[in-house]
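Here is the structure we will look at, set down as structure tokens.
Position 1 is the first residue of the sequence, and the numbers go up from there. From a predicted model like this one, the values you see are computed outputs, not experimental measurements. Whatever order the structure lists ligands and atoms in, that order sets their numbers, starting from 1.
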Amino acid sequence: MEKLQNYIDGVLIAPKSGKYIDNYNPSIGKAYSLIPDSDEEDVQLAVEAANKAFPSWSTMRKEDRSKWMMKLADLLEERLEQFALAESIDNGKPLWLSRSVDIPRAVSNLRFFATGILHFPSEAHNMDGHAINYTLRDPVGVVGCISPWNLPLYLFTWKVAPALAAGCCVVSKPSEITPMTAYMLSQLCAEIGFPKGVFNILHGLGSKVGSAIVSHPDIKAISFTGGTATGKAIASVAAPMFKKMSLELGGKNPVVIFSDCNWDKMMKTTLDSSFSNQGEICLCGSRIMVEKNVYEKFRDEFVQKTKALVVGPPLDEKTKLGAIVSKPHFEKILSYIEIAKQEGGKILCGGKAVKMSGEHSEGWYIEPTVIEGLPQNCRTNKEEIFGPVVTIMPFETEEEAIEFANGTEYGLTSMLWTENLTRTHKMAAQFKSGIVWVNCWLLRDLRTPFGGMKNSGVGREGGWEALRFFTEPKNVCVKL
Ligand code: NDP
């Protein structure tokens, strides 16, 4: 089996301990490669390398830093097909999706921040001619970037790119469940001779190598995307050390549909926002609220269209939903479907694992599932399932819809479907979420602030927000 390696100080190397853990292909339910079981010794090596590289990387002309990142982006784009295939095998997502979304977006992330840094402004405040203030922004130092398994390279580059562009050196860890494309990215770095020590990639368990990154005293900021419980554990270590933190956490996103919406557009997009990437996107809408006068019409059409979605092997071009990323996650999703039944939910379609044939017979697949009849205030409607499972429920008034929509501990995103302009602005202002999509979903302008309210996170990524996070502002006040 292929053995992945860590990337430290510009070199691909084995973990100090010599230990490895299995990496699974979820479409066949079997291990297919081994990844380093890294620990605090590997983190120490990476931090030393990053500290050594920091003075030259942070003072390098930003145009030159940008060139390095563009070079990496160009090579990644050249190898797009190879990366897309690897992402699908590692994660279980359909190949067409990693080819059209995940890898192109990883390329865009690198290019966006490589060029963004060239235009990143700082502020000046003139005190009526008596004094002038200006703000310097210096890179924070060595930073830790920890990412999840659902959009592996896409979310990994989303945090690593602004850190590198800002002049920070990075000690990063992709999810242990989907390490392959980050490993392949480290091979590209080695191939182009990316300045050594600037970008270090460690593989292994969150509880071991992840927590060693978080607790290392020389790592000055932590950018984390993952579950809310993990975010809480990370904050409890990083906060007393006064580290800067950006936490992008879980969601339980509402979709609010009014009868005056563009029906066909809404139906098509709501199928996507429910089941894309097997529902394993933090931005998926999992609680669908429909105005009462069209509830039955919506339910019948939505269920009929959901039943037509093809669940299949990720590399099959007909597949709409691929495999669930891991066995524990597969079991977690099925256990939530049982909870929904116990809570009195009616399964309108799906609700079961799918048994494939041949080499995929041991893979982890679940039917897209639609549930109705559950109260707003039950576990199924409050807890993040993060799979192809949605609930639908009727509402009568705007006030009721807002109350339902805001009725969880999460606040990542909300989707609204209406052609009424006044209602749009009124309701958009009332959603308690970091993002509101009106008549669309997953439409991303990388300049906009990205992140959640309440237990969905702390801080924002994207555009200047990310570059501000990875820099320390220093005000200089000059008396004239
Ligand atoms: P986890 O929180 O389990 O893991 C995220 C990352 O943190 C992984 O690399 C993990 O390593 C690592 N980790 C785990 N424990 C620790 C620790 N104690 N210290 C440091 N690092 C640790 O999330 P998942 O990977 O399961 O991802 C799914 C979650 O991510 C969902 O809740 C989803 O909503 C959220 N998410 C949020 C997004 C947002 O932008 N708000 C976007 C995408 C996902 P390992 O894999 O080895 O456990």
Next on the checklist: I need the Met184 CE to Leu153 CG distance, nearest 0.5 Å.
Outcome noted: 9.0 Å
Checklist entry - Are Phe386 and Trp149 close enough that their ring centers fall under 6.0 Å? => result yes
Next on the checklist: Between Glu48 and Gln44, is there a side-chain donor-acceptor contact under 3.5 Å, judged purely by atom types and distance?
Outcome noted: yes
Checklist entry - Does the side chain of Asn455 pick up a donor-acceptor pair with the side chain of Thr228 at under 3.5 Å? => result no
Next on the checklist: For Phe120, run the ring pair (Phe, Tyr, Trp, His ring centres under 6.0 Å) check against Trp464, Phe470, Phe113 and tell me which one passes.
Outcome noted: Trp464
Item to check | Within 45° cone of Tyr20 ring axis and under 6.0 Å: Lys3 NZ or CZ | outcome: yes
Next on the checklist: For a quick check: using heavy atoms under 4.0 Å, what are the residues in contact with ligand 1, sorted by chain and number?
Outcome noted: Ile146, Ser147, Pro148, Trp149, Asn150, Leu155, Lys173, Pro174, Ser175, Glu176, Gly204, Leu205, Gly206, Gly210, Ser211, Val214, Phe224, Thr225, Gly226, Gly227, Thr230, Ile234, Glu248, Leu249, Gly250, Gly251, Cys282, Glu384, Phe386, Leu412, Phe450
